[in-house]
J.: 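Starting off with a structure, shown below.
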Amino acid sequence: MRLATWNVNSVKARLPRLLSWLEETGPDVVCLQETKCRADQFPADEVGELGYATAAHGEGRWNGVAVLSRVGIEDVSNGFPGEPAYEGEADGQLALDEPVMLTPEARAIGATCGGVRVWSLYAPNGRSPDSAHYLYKLAWFEALRAALEDELARGLPLVACGDYNVAPTDEDVWDPSVFVGSTHVTPAERKALAELRDLGLHDVVPTPMKGPHPYTYWDYRAGMFHKNMGMRIDLVYASEAVAGRVRSAYVDREARKGKGPSDHAPVVVDIDAADFGRTGGAPG
DNA sequence: ATGTCTACGGCACGTAGA
């Protein structure tokens, strides 16, 4: 099974590149983030012509996640149980007797594809460590940890991949000194990732196509991609059964080049998964 | 270079988010 994850930064703006990338790369399962469209606006017909079924979860202008699969797509979950909603900076100014029902943002979608439980995740950015958005990010990760613990208990091989908006180590940013006081590198964010790994998930670190660091994101500004000043924030967290069958993984930096790219590159993982589709196989 | 992208509302370009 060839699995990929890619923050496309608008699936509508990226559609020609997405379609040609699908044809060239031939993944069986693709996790997309920042699709920035409602489910009914997702170009399911266009990817369908290439043989992919779609599960999409979106809200319009921001966020949005999807799973594409040509090995089946079943048991779709839009979001996860306990997923928090962003209450914003205005929390506390609302009348106490006027509870407001907030809908979680479209940041997670799960589906079972070819015998593998697949999650496409788009973690909150956090904006700055003193913001309400940062607290929301940490709460979202704690709820994700609880949800993935339950998901793993189902016994299927599992991958939770996407834009985690956290660089796991200082090696995963081009210059740690630039990030002092910033999100993506704080101890609390890295602890949230460590707690996911404590569930038995393994960080599938891809091979960089160029240079020593498998960065997956480079800011559009200031020639950051040209100078390879990037970050590794798009991660594949795989259960033991999947991690033990990973043949290879790479960052497709070619997809970050040229006119009209996303600011993220895809991560592509090849897995020996011939027996995952069988019923009655070993769990986990 | 606070230097780039995107979507939105609404039809020009300012604003917000990343």
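Throughout, a chain's letter reflects where its sequence line sits, starting with A, and its residues are numbered from 1.
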J.: In whole angstrom, what separates M229(A)'s CE from dT4(B)'s P?
T.: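 The distance from CE of M229(A) to P of dT4(B) comes to 16 Å, rounded to the nearest Å.
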J.: I want to check something: taking the side chain as every heavy atom from C-beta on, are K137(A) and F141(A) in contact at a cut-off of under 4.5 Å?
T.: yes
J.: Calculate the interatomic distance between R38(A) atom CZ and dA7(B) atom P; express it in whole Å.
T.: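 To the nearest whole Å, that distance equals 14 Å.
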J.: Any chance you could list the contact pattern along nucleotides 10-18 of chain B? Use B for base contacts, S for sugar-phosphate-only contacts and - for none, protein heavy atoms under 4.0 Å, 5' to 3'.
T.: -----B-SB
J.: Ring of Y215(A), cation from R232(A) - is the NZ or CZ under 6.0 Å from the centre and inside 45° of the axis?
T.: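 Cation-pi check for R232(A) and Y215(A): fails.
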J.: Could you state the atom-to-atom distance from CZ of R17(A) to C1' of dT6(B) in whole Å?
T.: 15 Å
J.: So, are D270(A) and R245(A) salt-bridged, with charged N and O less than 4.0 Å apart?
T.: no
J.: Has R14(A) got a side-chain N or O lying under 4.0 Å from the OP1 or OP2 atom of dC5(B)?
T.: no
J.: Please confirm whether the backbone N or O of A160(A) pairs with a side-chain atom of R117(A), one donor and one acceptor, at under 3.5 Å?
T.: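 Side chain of R117(A) to backbone of A160(A): no pair is present.
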J.: Can you check whether V29(A)'s main-chain N or O pairs, donor with acceptor, with S69(A)'s side chain at less than 3.5 Å?
T.: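 Not confirmed, S69(A) side chain does not pair with V29(A) backbone.
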J.: Using a 4.0 Å heavy-atom cut-off across all strands, classify A222(A) as base, sugar-phosphate, or nothing.
T.: base
J.: Do the rings of Y136(A) and Y86(A) sit parallel, tilted or perpendicular, given the 30° and 60° boundaries?
T.: tilted
J.: Which whole number of Å gives the distance between the P atom of dC5(B) and that of dG10(B)?
T.: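 Comparing P positions in dC5(B) and dG10(B) gives a spacing of 27 Å.
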J.: Work out how far the C1' atom of dA7(B) is from that of dA12(B), and round it to whole angstrom.
T.: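 My reading of the C1' atoms in dA7(B) and dA12(B) gives 15 Å.
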